[in-house]
Amino acid sequence: MSHGQVLSILPKDKLPDVWENDSRMNVLFAPFRNRAVNPHDWDSKFAFWKKLIIDTCIYNKIYTFTLEELQKLFNINGRSPACLNVIIEEMYARGELQQLEHFLQKPCKTWGSWMAETFVKKPFVWSYNKVRRVRSSSLGLLVNVPAIVSEGTTLQSVIPDDFKKRVFTLKELMDVMNLETIKESQVKLVLHHLMCIGAIDLHEIKGSDNHSVPINVLVKFKNRESEDIITEVDVNIHILEQLEKSITLLVEKLEKEVMGFVEEAKVYLAKGHRQMAKSCLRKKHEVDKRLSQKANSLHNVQLLLLKLRDSSTDAKVFESYRLALATLQKNFKDTGLSEDSVGDVVSELGSVLDMHEDIQNTLSRPLSNDDDDDLEDELALLVSSNTPPNDPSSPSKPIVDADTLELEKRLENLKLPDVPSSDTVIKNQIAL
């Protein structure tokens, strides 16, 4: 197999129960008979080998193989399944196996190419394969599509949440999934499938020569609410982050060298080797210069990273401002709001309120037109005629009628018996 990847048989606890049943395995290893004779047995046998092949690929994390490799893998006591060629041809005809070149075709990006791919090319290829059954020996390296689909679903469910919110590299993915470097080509197949279904976006970073092999692959999960793709800003941020890491390691190394020269100078000085100590200090000064330069470079790179990260946020803020402006303008246009229209309405409202106040004042006036001034003058004249004139020489006394005087005289002549005091009453009670 390419890249030195070899499928291995499943452990005993994962193999089918019939694997140890010799009589049943003899039937499963035998060539296929005509399906029209016994469709149920044919379908059962096909399902057994199909599931075993898919499970083996998932277990090994290897999704490509050839017919010859399967024959060697499932060899028992020097005997290989005689039906594998039919299994391969049937799975290929159903689209469950694809040639590597066909599987790695990039998805269509435009509507026209999608229409051509869907309604012209694929039906033609399918009908051609149906008419002409491709021999399994001529297919070469095949891709197990159901195994890749299953692994893609698993990857989306187990990937850490922080990976779904940022751009990461293929190496970071391999590390977090605890996968060996030799499996990198197989992981790329899974990522290619996820890209084709729109779950992720991929970007290859190449060297100075665009035709060279990519030096790194960037991965970004797409958000359900938006079609997130890897932008130039994402690529530049990744490059600066890698540069930041390398400069940081170099600065740490230079700092250790400086401390080493200082300690070495102390040792020489303790031994009385002043010239050797000076030599160490000279080396220290040279390293200090390099350290200062690298520290400044690191600061510049970190500053650029901050600016780039802020640019994404600034772009989102600007977009929100632009959308808010468009919404407000549309609302003003739909409702007819403007400075002139509002001023006209307020002015007219003031006029209407003044008119309303005048109407209220008019309604509150009396209906009769009689003048009360003459009546008030007449009442004042009557009051003045009934009041006797006052004698300014004598003080004013209250007027007392004859009945009142007679009653006062009777009260003066009335004599009441003496009422005993409280002390006399108490004394008489004691005496008794």
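Every pair passing salt bridge (Lys or Arg N to Asp or Glu O under 4.0 Å) that includes a residue from residues 51-66 is listed here, sequence neighbours excluded: Lys51-Asp55, Lys61-Glu151. Among residues at least two apart or in separate chains, side chain to side chain donor-acceptor pair (under 3.5 Å) pairs with a member in residues 340-351 are Ser338-Ser341. The list of salt bridge (Lys or Arg N to Asp or Glu O under 4.0 Å) pairs with a residue in residues 304-325, not counting sequence neighbours, reads Glu241-Arg309, Glu319-Arg322.
At most 12 heavy atoms of other shown residues, nucleotides or ligands fall within 6.0 angstrom of atom CG in Asp17. Remark: Lys183 NZ is packed, more than 12 non-hydrogen atoms of other residues, nucleotides or ligands lying under 6.0 Å away. No more than 12 heavy atoms of other residues, nucleotides or ligands shown are found within 6.0 angstrom of NE2 on His299.
Salt bridge absent: Arg166 and Asp234 never bring a charged side-chain N and a carboxylate O closer than 4.0 Å. A salt bridge does not link Glu286 with Arg290: every distance from a Lys NZ or Arg NE/NH1/NH2 to an Asp or Glu carboxylate oxygen is 4.0 Å or more. Using a 4.0 Å cut-off between charged side-chain N and carboxylate O, Arg94 and Glu90 make a salt bridge. Between Lys165 and Asp161, no side-chain nitrogen of the basic residue sits less than 4.0 Å from a carboxylate oxygen of the acidic one, so the salt-bridge criterion is not met.
Taking the centre and axis of the six-membered ring of Phe32, the NZ or CZ atom of Lys45 falls inside the cone set by 45° and 6.0 Å.
Taking the six-membered ring for Trp and thresholds of 30 and 60 degrees, Trp19 and Phe48 have nearly parallel ring planes, at less than 30 degrees apart.
For Asn38, the side chain to side chain donor-acceptor pair (under 3.5 Å) partners at least two apart in sequence or on another chain are Asp41. Residues satisfying the side chain to side chain donor-acceptor pair (under 3.5 Å) criterion with Lys50, sequence neighbours excluded, are Glu96. Not a single side chain to side chain donor-acceptor pair (under 3.5 Å) links Glu264 to another residue, sequence neighbours left out.
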Exercise for review: Determine, step by step, whether Leu28 and Phe74 satisfy the side-chain contact (heavy atoms from CB on, under 4.5 Å) criterion, reporting the C-alpha distance in whole Å, the side-chain angles of both residues, the deciding distance to 0.1 Å, and the verdict.
Suggested key: CA-CA 12 Å; Leu28 294 173; Phe74 299 127; over 6 Å; no
Review point. Given the rule in the side-chain contact (heavy atoms from CB on, under 4.5 Å) test, do Phe163 and Val219 qualify, once you have shown the distances and angles that lead to the verdict?
Key: CA-CA 9 Å; Phe163 275 67; Val219 185; over 6 Å; no
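No side-chain donor from either of Asn216 and Thr169 sits under 3.5 Å from a side-chain acceptor of the other.
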